[in-house]
Amino acid sequence: MNTDSSSKPPSALNTVYRLFLIPLMIVVVSVGLFYWFGRMTFETKSPEDFLYEIKTGGDSRKWQAAYSLAGLLITEKNISEENKKEYTKEIIPIFENQTRYNVQVRSYLALALGYLGQKEAVPALRAALDDSHEDVALYSLWALAVMKPEIANQEGINQKLCSFLEDARPPIRKMAAFALGALKDPSAARALQAALKDPVADVSWNAALSLASLGDASGAAVLERMLDRKYLDTFPALTEREKEGILLNVIRA
């Protein structure tokens with residue numbers, strides 16, 4: 001990654017929007033995004049190194065270190081539970097500090113908290129769902145979705161996510177529909193059923209896939225439509241690979 005101070009961070013919003021066109025492949029896609037960079041950087045730097053750079057670096061270095069930290073936590077499977085707790089404890093006050101740390105840093109740190117998977121991070125992520133910056137809210141939704149359901153689904157998280165299915169912003173609705181399926185709470189079924197009628201296609205797609213993951217067949221008609229190649233061809237923004245991913249997810253559902 002270019003470390004020049006004029007370099008710009010990858011768009012959090014664009015990254016999330018593209019990933020969630022194929023909702024149930026989130027972990028595979030995420031690891032793929034970070035793997036190449038990890039081969040060059042993660043072997044020589046630790047989470048402690050990246051945290052130090054986030055705290056002491058300039059604006060450009062801060063977001064790059066946060067991005068790298070998130071990538072390391074996604075790919076590294078041998079971090080002890082004790083260290084995960086320590087990293088979470090250190091990240092939370094940085095993540096919550098809107099004055100010192102910008103949107104990009106906080107967005108990537110939300111993702112880092114999600115992959116650390118500690119219950120102590122849930123209140124901070126829940127509060128960030130109401131962040132005035134859409135990217136931070138999106139990544140916080142993503143973070144909750146990748147946590148274990150028994151950890152993430154606390155303090156009224158499910159009800160909060162259900163309310164986001166009526167948000168004015170389509171990316172937020174789409175992410176909320178995905179996250180509700182990931183949290184495996186059957187009480188979300190009614191809200192997801194209503195989201196099947198969302199005017200934005202991939203919001204209704206995520207709702208149907210999430211309902212299927214809950215064992216609810218209400219979205220069967222939407223899933224059947226998603227199996228139609230001619231229907232998918234009416235969405236020119238979808239690549240062939242994305243269409244194949246959608247078909248695989250429907251088959252799994």
Side-chain angles (χ1 to χ4, degrees), residues 9 11-13 15-17 19-20 23 26-27 29-30 34 47 50-51 54-55 62-63 65-74 79 81 83-167 169 171-185 187-188 191 206 210:
S11 168
L13 178 58
T15 300
V16 173
Y17 189 84
L19 287 179
F20 280 82
I26 176 173
V27 176
V29 176
S30 300
F34 288 109
F50 290 128
L51 285 166
I54 292 168
K55 293 177 180 179
K62 281 184 171 69
W63 75 254
Y67 179 88
S68 301
L69 175 62
L72 174 58
L73 295 176
I74 288 171
I79 301 175
E81 285 301 311
N83 282 340
K84 286 181 180 179
K85 289 184 180 297
E86 286 300 315
Y87 299 150
T88 298
K89 183 179 180 180
E90 194 166 350
I91 290 171
I92 288 174
I94 301 174
F95 174 65
E96 294 179 323
N97 191 333
Q98 299 184 39
T99 302
R100 184 174 179 184
Y101 300 98
N102 66 23
V103 174
Q104 286 76 28
V105 173
R106 295 177 60 237
S107 296
Y108 298 132
L109 289 183
L111 186 58
L113 289 173
Y115 279 92
L116 285 168
Q118 302 299 300
K119 64 180 181 180
E120 291 80 7
V122 174
L125 290 169
R126 186 189 190 287
L129 297 179
D130 293 319
D131 198 276
S132 58
H133 297 285
E134 187 173 313
D135 284 7
V136 176
L138 282 167
Y139 267 85
S140 297
L141 281 166
W142 182 353
L144 290 167
V146 300
M147 286 182 163
K148 292 180 179 179
E150 61 270 22
I151 291 175
N153 198 5
Q154 57 177 277
E155 300 185 19
I157 290 292
N158 186 71
Q159 292 82 356
K160 184 73 172 178
L161 297 190
C162 285
S163 71
F164 278 135
L165 292 176
E166 299 179 0
D167 195 274
R169 299 162 293 180
I172 292 289
R173 299 201 304 276
K174 177 167 59 174
M175 187 74 78
F178 168 81
L180 285 165
L183 293 183
K184 304 293 185 185
D185 189 337
S187 68
N206 276 12
S210 288

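- Taken from OH in Y87 to CG in L72, the straight-line distance is 8.0 Å, to the nearest 0.5 Å.
- Atom CG of L141 sits about 10.0 Å away from atom CD of E134, to the nearest 0.5 Å.
- At distances below 3.5 Å, at least one donor-acceptor pair connects side-chain atoms of Q118 with backbone N or O atoms of L116.
- The line from CD of Q159 to CG of N153 is 7.5 Å long, rounded to the nearest 0.5 Å.
- In this structure, the side chain of S210 does not engage the main chain of L180 through any donor-acceptor pair within 3.5 Å.
- For D131, the salt bridge (Lys or Arg N to Asp or Glu O under 4.0 Å) partners at least two apart in sequence or on another chain are R106.
- K89 and E86 are not joined by a salt bridge, as no carboxylate oxygen comes within less than 4.0 angstrom of a charged side-chain nitrogen.
- Taking every heavy atom of both residues into account, F50 and A65 meet most closely at O-CB, 3.6 Å.
- Partners of E150 according to the salt bridge (Lys or Arg N to Asp or Glu O under 4.0 Å) rule, which considers only residues two or more places apart in sequence or in another chain, do not exist here.
- For the atom pair CG (L183) and CG (N158), the distance works out to 6.5 Å, reported to the nearest 0.5 Å.
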Open item on the list: Let's go through I91 and L69 carefully: what are the C-alpha distance in whole Å and the side-chain angles of both, what is the deciding distance for side chain to side chain contact (heavy atoms under 4.5 Å, CB included) to 0.1 Å, and is it a yes or a no?
Closed with: CA-CA 11 Å; I91 290 171; L69 175 62; 3.9 Å; yes
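- Taking all atoms of both residues into account, the shortest heavy-atom contact from M175 to L138 is CE-O, 3.7 Å.
- A 4.5 Å side-chain heavy-atom check between S140 and F95 finds at least one atom pair inside the cut-off.
- The structure places CZ of R173 at 11.5 Å from CG of N206, a figure rounded to the nearest 0.5 Å.
- E90 CD to N83 CG: the interatomic distance, rounded to the nearest 0.5 Å, is 11.0 Å.
- Taking the six-membered ring where tryptophan is involved, the planes of Y108 and W63 are tilted, since the angle between them lies from 30° to 60°.
- Within 6.0 Å of NZ in K84 there are more than 12 heavy atoms belonging to other residues, nucleotides or ligands.
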TODO: Evaluate the criterion side chain to side chain contact (heavy atoms under 4.5 Å, CB included) for residue pair I157 and L125; output intermediate values, then yes/no.
DONE: CA-CA 10 Å; I157 290 292; L125 290 169; over 6 Å; no
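- A pairwise comparison of heavy atoms in L161 and A176 identifies O-CB, 3.7 Å as the closest pair.
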TODO: Starting from the C-alpha separation in whole Å, work towards a yes-or-no answer on side chain to side chain contact (heavy atoms under 4.5 Å, CB included) for D130 and K160.
DONE: CA-CA 10 Å; D130 293 319; K160 184 73 172 178; 2.8 Å; yes
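- V122 and A152 make their closest contact through CG1-O, 3.8 Å (heavy atoms, listed as atom of the first residue, atom of the second, distance).
- Residue E166 places its CD atom among 12 or fewer non-hydrogen atoms of other residues, nucleotides or ligands, all under 6.0 Å distant.
- In terms of heavy-atom proximity, Y101 sits nearest to I54 at CE2-O, 3.4 Å.
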- [ ] Assess whether side chain to side chain contact (heavy atoms under 4.5 Å, CB included) is satisfied between K55 and I94, documenting all intermediate values.
- [x] CA-CA 8 Å; K55 293 177 180 179; I94 301 174; 3.8 Å; yes
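- Nearest heavy-atom pair across M147 and G114 is CG-O, 3.5 Å.
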